Amino acid sequence: MRMQLPAFLADHRRLRRVLSSSSSSSPTTVAALTRLHALLVVSSSQNLFPSLAAAYARVGALDAAESTLAASPSSRSCIPAWNALLAARSRAGSPGAALRVFRALPSSARPDSTTFTLALTACARLGDLDAAEAVRVRAFAAGYGRDVFVCSALLHVYSRCGAMGDAIRVFDGMPRKDHVAWSTMVAGFVSAGRPVEALGMYSRMREHGVAEDEVVMVGVIQACTLTGNTRMGASVHGRFLRHGMRMDVVIATSLVDMYAKNGHFDVARQVFRMMPYRNAVSWNALISGFAQNGHADEALDLFREMSTSGLQPDSGALVSALLACADVGFLKLGKSIHGFILRRLEFQCILGTAVLDMYSKCGSLESARKLFNKLSSRDLVLWNAMIACCGTHGCGHDALALFQELNETGIKPDHATFASLLSALSHSGLVEEGKFWFDRMITEFGIEPTEKHCVCVVDLLARSGLVEEANEMLASMHTEPTIPIWVALLSGCLNNKKLELGETIAKKILESQPEDIGVLALVSNLYAAAKKWDKVREIRKLMKDSGSKKVPGYSLIEVHGTRHAFVMEDQSHPQHQEILKMISKLSFEMRKMGYVPRTEFVYHDLDEDVKEQLLSYHSERLAIAFGLLNTSPGTRLVIIKNLRVCGDCHDAIKYISKIVDREIVVRDAKRFHHFKDGACSCGDYW
DNA sequence: TTAGGGTTAG
């Protein structure tokens with residue numbers, strides 16, 4: 001017996017119209033589509049399946065859409081339905097699934113510009129260059145090699161995958177370049193870290209008479225951020241205001257980021273406060289601007305403000321807050337952020353690395369190591385952070401062991417890995433190993449030494465007294481050494497009393513007219529060590545003329561969760577008298593044990609007893625005395641110093657650790673020193 | 001009926 005079917009099923013044209021008008025906002029529901037689906041099956045109306053599948057895709061029933069399409073009689077008319085499914089998979093944030101849909105296309109189907117464009121966008125999101133190549137070959141074979149949408153999508157894949165050479169090739173070959181193609185190139189150069197070329201693209205775009213829009217302006221602002229060209233960024237900002245262009249949240253955020261990253265904090269705050277709507281990313285741009293520029297307290301204040309404004313801090317904000325904690329050694333807050341993450345968020349790699357780095361910089365090598373051991377998925381950045389952590393804490397052998405362990409995982413080390421490794425070996429005085437791995441880095445791993453690597457190797461050699469060898473190495477190099485490299489060599493000369501070579505280097509440094517006050521101070525210290533007081537006066541004048549002041553040395557210590565800062569000769573601390581008493585008590589004990597003040601570290605032409613007194617009031621000693629007065633016996637003290645610890649303080653703290661029987665950890669501008677029982681972990685490779 | 005935009009770890 002034949003089934004009675006509703007009459008409307010016979011009117012396929014009308015049905016197609018109804019199905020194509022459905023969307024996620026229309027009253028058509030998945031249930032209605034499912035009922036219709038059943039009727040179509042019974043009435044053998046499979047030729048309507050593509051329309052039904054597209055309707056399923058539009059209302060978000062993607063699995064139903066996919067299976068309906070798979071059961072469709074394949075024909076050219078299926079393509080809009082396949083496209084709808086691809087677009088829906090892409091929108092749902094599953095580019096992998098979208099690409100699977102593309103691959104599942106029946107051979108009889110003829111993909112069009114939309115299909116290829118959607119497939120390429122999925123490849124871009126996946127960062128899969130090989131998959132993109134397969135799509136490209138099919139698209140070009142199908143005659144879409146000059147299609148503006150397909151080509152723009154291809155540009156996007158290439159720039160997302162760092163293949164800017166390919167992007168340029170495709171872009172140059174495009175017969176028609178619209179504003180999307182131009183802005184894709186601008187953004188591509190920015191993300192490749194080539195902001196100058198990004199700005200070049202932008203000016204070529206304007207020369208071609210292509211109208212600029214908000215999207216391309218974001219790329220331009222980012223390029224200005226990277227080049228530090230805030231003048232140009234500000235003129236873009238001005239044009240926005242003058243022309244009444246729509247200042248959306250993305251544009252405003254990139255402006256906040258540009259101003260904050262380049263130290264224009266007031267303008268950054270102002271733009272931020274004027275935003276009619278802010279989201280987590282806008283907050284993060286401002287917070288990270290402060291955190292990355294040594295304004296930890298402002299960053300942490302903003303982080304708290306964000307939390308109380310009703311916005312839940314996301315991983316970006318937490319990362320910046322952790323960075324700020326690390327900067328000033330705020331362990332208590334750092335620990336509580338770690339706890340918050342464990343309770344509330346997924347512990348992904350970036351956050352893990354930020355927490356690890358925070359523990360490392362706050363002096364807790366053990367916590368950093370424990371965390372590293374616990375994290376199961378480790379990317380290269382995490383490995384590099386752990387290697388750097390061992391290095392700064394003076395554990396060169398551990399750093400080397402980690403590096404070898406990394407090589408066994410198959411992850412390829414990069415320039416940063418070697419920078420951390422070489423610095424670790426240098427700090428631990430592992431000269432032979434350092435020379436060996438520097439050589440292998442170039443020959444086996446094919447990594448060109450950067451300035452950073454050269455500084456490490458020169459430092460490694462110079463620190464061990466091999467200043468002549470370091471000098472010869474520099475002479476054999478193809479390029480002229482930069483100031484930081486000369487500085488590494490000069491510090492080696494100063495520390496090893498190779499004053500003659502030191503003076504030659506000092507001359508070379510002065511020839512390049514350094515403005516950095518720290519560099520001038522080092523040069524002046526060398527001349528002071530050589531007792532060339534005329535030269536010292538000359539350099540002091542240069543320092544004065546350069547307009548900036550020498551950064552004053554300060555030390556931070558966290559006691560019972562509160563941070564205290566100490567500056568040399570600062571008498572404003574409420575416990576100042578007690579601190580002085582503690583220092584003189586310690587000095588008395590130290591002398592009994594054989595301590596002799598190393599007054600050569602006072603680079604002023606003063607009487608010996610004045611020099612001795614100056615040494616004993618260095619900020620790290622004030623902080624230690626304060627820590628001893630306010631913590632119970634046996635408590636470990638962690639001091640964060642902004643400059644390097646001087647050789648005399650290094651000696652003194654060894655004695656102090658013995659006298660008070662405490663572990664004292666000092667982080668200076670370069671590394672950590674763990675003092676315990678009269679010795680330092682750095683084995684006096686200070 | 002499809003392509004391009006902001007922050008965050010070593």
Side-chain angles (χ1 to χ4, degrees), chain A residues 54 79-80 83-84 86-87 90-91 111-122 124 139 144 147-157 159-160 174 178-188 190-191 213-222 225 248-258 260-261 275 278-289 291-292 299 313-323 326 348-358 360-361 378-389 391-392 413-421 423:
Chain A
I79 279 302
N83 289 347
L86 251 169
S90 241
R91 268 199 308 272
D112 60 9
S113 160
T114 308
T115 325
F116 291 121
T117 303
L118 286 165
L120 286 169
T121 304
Y144 292 104
D147 183 279
V148 69
F149 280 85
V150 170
C151 288
S152 289
L154 201 52
L155 292 181
H156 188 213
V157 182
S159 58
R160 278 278 291 247
M174 283 174 78
D178 66 359
H179 65 289
V180 175
W182 284 100
S183 62
T184 308
M185 290 304 282
V186 171
V190 168
S191 56
D213 67 354
E214 286 87 352
V215 179
V216 78
M217 296 322 280
V218 171
V220 174
I221 295 166
Q222 286 178 298
T225 309
D248 63 26
V249 65
V250 178
I251 295 266
T253 302
S254 49
L255 283 170
V256 167
D257 185 55
M258 175 189 75
K261 287 264 183 350
M275 287 170 76
R278 311 177 190 107
N279 59 20
V281 180
S282 336
W283 278 96
N284 295 348
L286 188 63
I287 297 174
S288 70
Q292 291 177 5
D314 65 348
S315 65
L318 292 163
V319 164
S320 296
L322 285 163
L323 195 75
Q348 25 88 343
C349 237
I350 295 186
L351 269 173
T353 309
V355 176
L356 187 147
D357 190 56
M358 179 277 297
S360 166
K361 298 210 169 106
R378 299 169 180 167
D379 68 359
L380 182 61
V381 183
L382 183 72
W383 278 96
N384 289 352
M386 193 63 228
I387 293 173
C389 170
T392 51
D414 68 356
H415 63 98
T417 320
F418 280 100
S420 298
L421 175 70
S423 145

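Note that the structure is predicted; figures quoted are calculated from it, not measured. Chain letters run A, B, ... following the sequence lines, proteins first and then strands; every chain starts at 1.
An OP1 or OP2 oxygen of B/dT8 is reached within less than 4.0 angstrom by a side-chain nitrogen or oxygen of A/Gln292. Phosphate contact (OP1/OP2 of B/dT7, side-chain N/O of A/Gln222, threshold under 4.0 Å): present.
No side-chain heavy atom of A/Thr114 sits under 4.5 Å from any side-chain heavy atom of A/Thr117. Between A/Leu322 and A/Asp357, every side-chain heavy-atom pair lies at or beyond the 4.5 Å cut-off.
The side chain of A/Thr121 approaches B/dA3 more closely than any other nucleotide in the set B/dA3, B/dG6, B/dG5. Of all nucleotides listed (B/dG5, B/dT1, B/dT8), B/dT8 comes nearest to the side chain of A/Val319. Comparing B/dA3, B/dA9, B/dT7 by their nearest atom to the side chain of A/Asp257 picks out B/dT7. Taking the side chain of A/Lys261 as heavy atoms from C-beta on, and the options B/dG5, B/dA3, B/dT7, the nearest nucleotide is B/dT7. Closest to the side chain of A/Ser315, from the set B/dG4, B/dA3, B/dT8, is B/dT8. The side chain of A/Asp379 lies closest to B/dA9 when the candidates are B/dG6, B/dT7, B/dA9.
If you check every strand for non-hydrogen atoms under 4.0 Å, A/Leu323 touches sugar and phosphate atoms only. Among the atoms of the strands shown, base atoms are found under 4.0 Å from some heavy atom of A/Ser113. Note on A/Asp414: a base of the nucleic acid sits closer than 4.0 angstrom, heavy atoms only. Using a 4.0 Å heavy-atom cutoff across all strands shown, A/Asp314 reaches no nucleic acid atom at all. Within the nucleic acid shown, A/Ser282 comes within 4.0 Å of at least one base atom, counting heavy atoms only. Across all strands, A/Thr184 comes closer than 4.0 Å only to sugar-phosphate atoms, never to a base (heavy-atom distances).
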